[in-house]
There are 2 protein chains.
Amino acid sequence: MARPTRPQVTIIDVAIAAGVSKSTASRVLAGRGSASSSAHQKVSAAAKKLGYTPNALAKAMKSGSSNTIGVVIPDLANPFFSTVMRGLSDAARTAGFEVIITNTDNDVDIEVRALALLDEKRVDGLVIAPVFQTGSEAIDTLRERGTPIVFFDRSGPSRNSTPVVSLDHLNASRLATDHLLDLGHERIAIVTEAGNDLESLREYRGDPGLLRPSSQRLVGYLAALAARGITADRELVIHAEYDRADAARQVRDRLENTRDITALYGTDSVLTSGAFLALLDLGVKYPDDLSFLGFDDQEWSTMVRPSVTVVSQPRYRLGATAATCLIERIRHPEAELDDIRLPAKLTIRDSTAQLVR
Amino acid sequence: MARPTRPQVTIIDVAIAAGVSKSTASRVLAGRGSASSSAHQKVSAAAKKLGYTPNALAKAMKSGSSNTIGVVIPDLANPFFSTVMRGLSDAARTAGFEVIITNTDNDVDIEVRALALLDEKRVDGLVIAPVFQTGSEAIDTLRERGTPIVFFDRSGPSRNSTPVVSLDHLNASRLATDHLLDLGHERIAIVTEAGNDLESLREYRGDPGLLRPSSQRLVGYLAALAARGITADRELVIHAEYDRADAARQVRDRLENTRDITALYGTDSVLTSGAFLALLDLGVKYPDDLSFLGFDDQEWSTMVRPSVTVVSQPRYRLGATAATCLIERIRHPEAELDDIRLPAKLTIRDSTAQLVR
DNA sequence: GTGAAAGCGCTAACAT
DNA sequence: ATGTTAGCGCTTTCAC
């Protein structure tokens, strides 16, 4: 049985059925302009009877705006981004915008292609968690043409006047480090993805927004220590790839070779998981042998015993904020918008404890 | 500094710059029809110089297809769906389709509105994880009009000839139950969201696709037991809301009041988390006191000790399959498509062990 | 091989 | 208040 594939009923069909011109039908259906109440009746009735559905494509053609925003993120399957996207979608939907999401896996070429595609779809604006690098021509081109853009989570060195919505990475990390310091810890090891030279970061006084999130978090750690007159020991900085297994390996190595570490701090969700696995491997009794503090609310941190103290990010709100910020920019292109850095929250559980000596 | 908002360069601009008609420009740019190599050169050069970007909206208007598919799911922030969506997006992208995702939170009204919106956007097809209920007028209307639709994860009683892509819920559950039976367990408690009467399910011989996933899983459990000549005991069926805390409460209650349970099986990710928390609360030593088996690969099941045996769903592949299935349907609307039920896999870890008596 | 012209569905002047 | 007309950017006959 061949599927009907009946063509969509258009505004013309409605107009004819209602016995009016298509402009009148349009006015009634769009609720703009004036129409007699009799016209109103007839058109509404005809539209309903025929099952008329407005064609958003045609509308977009005319108006030049598609009521769609494009999002470019590394990976939707990452729980952080999926919750962010839920917040972003909800906020966008509320404001009457649809969302198209594209994943880059942090690959520049894919990012370029994604931007081109979203551009072709004539999205009204873009939220981009850019692949961190010096200068993206693709983004610059869009920006020059006047496409509203908001950076998310990180900006990259080439941000120009584009606002960024992100966690306040630096202070989130201070929060974590301060908590451990408050408990009396001074030998706090940090697991980080940042490859920066420690010296350069220690003296960093520029805009933190120009650094990668991981570096910003490392700066926060250094700053918290410095504020108490402690100079971070190179031995306490554990570098690992953004990979659970590698983090586990690096942490295990360091813990086996450095005796006086009393606290361990993982600076993102993946590294935190890896570090925790190392603790299990080594049979470390936390918080007695070692206080442990992780990043990002992950379900497992509430399921293990003792449960794990973490720095929580307001994921949903980050997404929602990015959406409202972009929509603000779409509606008022002239207005200058400031960066928005949302604060993290410390969720204290049972893995961190007062240092007893 | 006022933003330029330079208007997009159109095919006409390119044509003029290249000194040809817009039809020729179109032919070259779209790579259809014939054009002299000199025209080719000139147009390509002009397009590049002007930074021409085709307008997908206009294309869609003409062609009637937007190369976009709409997806309706309960909640993108749910790790199951976010990974599914990653698979779906990747597969769709590969085939040249963009994806628009909408969340319903399992609310029928929101679902109806979401469908209307996607319809207005003139998506080429829809993947729907429907709110389970008897008959959705909104879906029927779309289907009658010939919109290609694929159900995902569940279908609902009103599926008609619409294919469904889902896990093979029933056999997934048999797999789990059989594993426990193989280990010698017979008093296997099951945590389920299904509210069905046990008798009716025990004798159910209809199309499992007509049941909710939770019921299908309960049927699988019953079938596995029946195959070994065991009649499921009503006392072993722990009903809980789709809520971690409630599951924890119900499991705690039952475990405290029923002495001879030797294995516990959670039938979805949320209920499994709750059940596990109850075990922790009660101080149950698994797998010695009790074998524990969960559903869905969640990170925590690998982070706790002993680690937890689970039934894993091929999330990414489920999503990718839904996409290819829908695209198949879009390209060949006449073809009848069968349901696709992907098999689950048992991931055996340390929480299940041979029953010693 | 190339151009002129029509039209996808809709809205917005502009007339009436 | 309502109809006429033009046009958004593109593709596609149809002549030439």
Side-chain angles (χ1 to χ4, degrees), chain A residues 5-44 46-47 50-68 116-117 119-124 145, chain B residues 5-44 46-47 50-68 116-117 119-124 145:
Chain A
T5 310
R6 216 176 312 158
Q8 291 280 351
V9 355
T10 76
I11 204 168
I12 290 206
D13 302 322
V14 175
I16 293 175
V20 298
S21 77
K22 66 174 178 166
S23 5
T24 301
S26 169
R27 279 190 281 262
V28 172
L29 262 13
R32 249 195 281 282
S34 43
S36 70
S37 71
S38 94
H40 222 283
Q41 301 266 317
K42 287 186 291 183
V43 172
S44 306
L50 267 48
Y52 169 75
T53 320
N55 184 330
L57 256 39
K59 272 193 183 134
M61 269 281 281
K62 270 254 69 163
S63 68
S65 70
S66 56
N67 283 337
T68 303
L117 259 132
D119 187 22
E120 292 187 12
K121 291 266 182 198
R122 294 296 187 267
V123 294
D124 293 336
R145 204 201 292 136
Chain B
T5 312
R6 216 176 311 160
Q8 291 279 352
V9 357
T10 77
I11 203 167
I12 290 207
D13 302 321
V14 175
I16 293 175
V20 298
S21 75
K22 67 172 177 170
S23 355
T24 301
S26 169
R27 279 189 281 261
V28 172
L29 262 14
R32 249 196 281 282
S34 43
S36 68
S37 72
S38 92
H40 222 282
Q41 301 267 317
K42 287 185 293 185
V43 172
S44 306
L50 267 48
Y52 170 75
T53 320
N55 184 329
L57 257 38
K59 270 193 185 137
M61 268 280 284
K62 271 255 69 160
S63 68
S65 70
S66 56
N67 282 336
T68 303
L117 259 133
D119 187 22
E120 293 187 11
K121 291 266 182 201
R122 295 299 187 264
V123 293
D124 294 336
R145 204 201 291 136

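The shown structure was predicted, so the numbers you read here are calculated from the model rather than taken from an experiment. Letters A, B, ... are given to chains in the order of the sequence lines, protein chains preceding strands, and every chain is numbered from 1.
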Checklist entry - For the side chain of B/S26, counting heavy atoms from C-beta on, which of D/dT11, D/dT4, D/dC10 is nearest? => result D/dT11
Next on the checklist: Can you list, in residue-number order, the parts of residues 33-43 of chain B that come under 4.0 Å of DNA chain C, counting heavy atoms only?
Outcome noted: B/S34, B/A35, B/S36, B/A39
Next on the checklist: Give me the atom names and distance for the closest heavy-atom approach of A/S66 to A/D124.
Outcome noted: N-OD1, 2.9 Å
Checklist entry - In degrees rounded to 10°, what angle is found between the helical axes fit to the five outermost pairs at each end of the helix from C/dG1-D/dC16 to C/dT16-D/dA1? => result 40°
Checklist entry - Nearest heavy-atom pair of B/I11 and B/Y52: which atoms, and what distance? => result N-CE1, 3.6 Å
Checklist entry - What's the CE-P distance between B/M61 and D/dT12, to the nearest Å? => result 14 Å
Item to check | Upstream residue (5' side of DNA chain D) when A/S23 and B/L29 are each assigned their closest nucleotide | outcome: A/S23
Item to check | Between P of D/dC10 and NZ of A/K121, the distance in whole Å | outcome: 15 Å
Next on the checklist: If I take atom CG in residue B/L57 and atom C1' in nucleotide D/dT11, what distance separates them, rounded to the nearest angstrom?
Outcome noted: 15 Å
Next on the checklist: Tell me the closest heavy-atom pair linking B/G51 and B/V9, and the distance in Å.
Outcome noted: O-CG1, 4.0 Å
Checklist entry - After noting the C-alpha distance and the side-chain angles of A/Q8 and B/D119, does the key distance pass the side chain to side chain contact (heavy atoms under 4.5 Å, CB included) rule? => result CA-CA 10 Å; A/Q8 291 280 351; B/D119 187 22; 3.8 Å; yes
Checklist entry - Any side-chain hydrogen bond (donor to acceptor under 3.5 Å, both in side chains) pairs touching residues 26-35 of chain A, not counting sequence neighbours? => result none
Show me the side-chain donor-acceptor pairs of residues 57-65 of chain B shorter than 3.5 Å, one per line, residues at least two apart or across chains.
unit_1	atom_1	unit_2	atom_2	d
B/S63	OG	B/K59	O	3.0
B/S63	OG	B/S65	N	3.2
B/S63	OG	B/S65	O	3.1

Checklist entry - Can you tell me how far the NZ atom of B/K22 sits from the CG atom of B/D13, to the nearest 0.5 Å? => result 11.5 Å
Checklist entry - With a 4.5 Å heavy-atom cut-off, do A/V20 and A/K42 have their side chains touching? => result yes
Next on the checklist: Using side chain to side chain contact (heavy atoms under 4.5 Å, CB included), reason through B/T10 and B/N55 one step at a time and then give a plain yes or no.
Outcome noted: CA-CA 8 Å; B/T10 77; B/N55 184 329; over 6 Å; no
Next on the checklist: Please find the pair of heavy atoms, one from B/A35 and one from B/V28, that lie closest to each other, and give the distance.
Outcome noted: CB-CG2, 3.8 Å
Next on the checklist: If I take atom CZ in residue A/R122 and atom C1' in nucleotide D/dG9, what distance separates them, rounded to the nearest angstrom?
Outcome noted: 9 Å
Quick one: which protein N/O atoms are closer than 3.5 Å to N/O atoms of nucleotides 14-16 of chain D? Pair and distance per line, please.
none

Item to check | Interatomic distance, A/I11 CD1 vs D/dG3 C1' [rounded to whole Å] | outcome: 14 Å
Checklist outcome for this item: Between CD1 of B/I12 and C1' of D/dG7 the distance, given in whole Å, is 10 Å
Checklist entry - Which value, rounded to the nearest 0.5 Å, describes the distance between A/S21 atom OG and A/I12 atom CD1? => result 10.0 Å
Checklist outcome for this item: Under a 4.0 Å heavy-atom criterion, DNA chain C is touched by chain B from C/dG1 to C/dG9
Checklist entry - With a non-hydrogen cut-off below 4.0 angstrom, is A/K62 in contact with a base, only sugar-phosphate, or nothing? => result base
Checklist outcome for this item: Assert: residue with more 5' nearest nucleotide on DNA chain C, out of A/A30 and B/S21, is B/S21
Checklist entry - Can you check whether B/R32 has a side-chain N or O nearer than 4.0 Å to OP1 or OP2 of D/dT11? => result no
Item to check | Closest non-hydrogen atom pair between B/V14 and B/A47, with its separation | outcome: CG1-N, 3.9 Å
Checklist entry - With a 4.5 Å limit on heavy-atom distance, are the side chains of B/T53 and A/R122 in contact? => result yes
